[in-house]
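One structure is given here, and the rest of the page talks about it.
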Amino acid sequence: MRRSSFWKGTTAIILIQTLILIFLLQLRDDSKCSKEKPEQIHILIISSWRSGSSFVGQIFNQHPQVFYLMEPAWHVWMSLRRSNAKVLQMAVRDLLRSVFLCDMSVYDAYLHTNKSNSNLFMWEVSRALCSPPVCNLFQHTDIIKEVGCKLVCKNQPFHKVREACKSYSHVVLKEVRIFHLNALYPLLSDPSLNLKIIHLVRDPRAVFSSRARTTRLLSADSWLIANSFNNNTEYTVIKEVCRSHKKIYETATEGTISFLKDRYMLLRYEDLVKDPITKVKEMYNFAGLGLTPVIEAWINETTKENNAIKYNAVFRTGPRNAVNVSQAWRNTLSFEKIEEVQNICKESMEHFGYRLLESENEQKLMSLDVLLPMNHSFKV
Ligand SMILES: *[C@@H]1O[C@H](CO)[C@@H](O)[C@H](O)[C@H]1NC(C)=O
Ligand SMILES: *[C@@H]1O[C@H](CO)[C@@H](O)[C@H](O)[C@H]1NC(C)=O
Ligand SMILES: *[C@@H]1O[C@H](CO)[C@@H](O)[C@H](O)[C@H]1NC(C)=O
Ligand SMILES: *[C@@H]1O[C@H](CO)[C@@H](O)[C@H](O)[C@H]1NC(C)=O
């Protein structure tokens, strides 16, 4: 008799405890749902000048689910030309945060009051600004041509930029004006942003060679990095590029920063050029996007051998295509300059797997591959 009522009591207590547990789990699930349902995925492509970032940007820009802007921080740098890269990085960070959240009022600081979509730097390379709701020239599923867009879609009301941004599942920005990963920590650790980083690097000898052909175009940027103009400015800039990109990679992969887990991917430009479809799939996978047949065909076409002219017409600031072009510096740079760049960037090059050349013979021996496998993991 007593025994049975003891069991009844115990059963009741267990039942109540179970109900409380279920209730608490429910509560936790609810709060999880409301907190962890990011509306958009945000991708930041970090790179340097002349490193193939226009092409990588376009790989995202042409995707129908992506709102893409190229170099939003150009406005910060060009508005404050007497400053320096380090001082400007927090203004750059704040601009990136706002743009990721589609809050375009941040441009009030950098553009005049009567602004339109075409006041944004390189707006015509952005499919989102050449298709509805901004402009009806292209559909979201089209591969766009910037020339047509520039003619037809200019001077649209600025508020449509925000409207467009809000309508996509992914916001992707490409930026060469980031030199310290820790400037981005507040963005990376913010769950409402859901930010992921694709870090694009390129052989510094190729970067140096390509920069040499565009020194004048890059002079305002170079000043903000080197804070001087002399015969050494280009070397000062390449030194800072090599230093900062090695450091960004080290910081991201050392594994001590928990909020970077699954949020960082390294891409070497040369690997992309060698096997574009595989690398594009990897990047899309990382970003939560699917490869469409239209984009696959477009990538095949743009990276095809001998397609240099066609490619350049699509992205006027982009580097040209294919493996040969990524090796062009071996014909254009003197061995003296190669040595100088190698001395400056030795650590970074060893880190990213770019073989150091030891003689002019090696430089001209095109069968000698300067791209080595990277032993490090590409993702954290
Ligand atoms: C504002 O810009 C539009 C388009 O560029 C132009 O037509 C208009 O006259 C401008 N208004 C003012 C007040 O400047
Ligand atoms: C820079 O280069 C020019 C031409 O090559 C030369 O005349 C000049 O002396 C150099 N200046 C310095 C500071 O080395
Ligand atoms: C693109 O190229 C790859 C590799 O050559 C090939 O397997 C694929 O079928 C091509 N895709 C399209 C859509 O042309
Ligand atoms: C690419 O490089 C190879 C080897 O150097 C050469 O034989 C070929 O003609 C080059 N192709 C183009 C399009 O330049």
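Side chains included, hydrogens not; waters and symmetry mates left out as well; all remaining heavy atoms used. Both counts, for ligands and for their atoms, begin at 1 and track the order of listing.
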Check: Mind checking whether F60 and L289 have side chains closer than 4.5 Å, heavy atoms only?
Finding: yes

Notebook entry, point to check: Going by the atom numbers of ligand 3, which of them fall below 4.0 Å from some non-hydrogen atom of N300?
Noted result: 1 (C), 2 (O), 3 (C), 8 (C), 10 (C), 11 (N), 12 (C), 14 (O)

Notebook entry, point to check: Would you say atom 11 (N) of ligand 3 touches the protein, meaning some protein heavy atom is under 4.0 Å from it?
Noted result: yes

Check: If you measure only the distance, is there a donor-acceptor pair under 3.5 Å linking the side chains of H245 and H199?
Finding: yes

Next item on the list: Just need the protein heavy atom nearest to atom 7 (O) of ligand 3, so name the residue and atom and give the distance.
Entry: E296 OE2, 4.8 Å

Note to self: Is a donor from one side chain sitting under 3.5 angstrom from an acceptor on the other, for H180 and Q89?
What the structure shows: yes

Checklist line | Flag: protein heavy atom within less than 4.0 Å of atom 2 (O) of ligand 3 | finding: yes

Checklist line | E360/K364 ion pair, N-O < 4.0 Å | finding: no

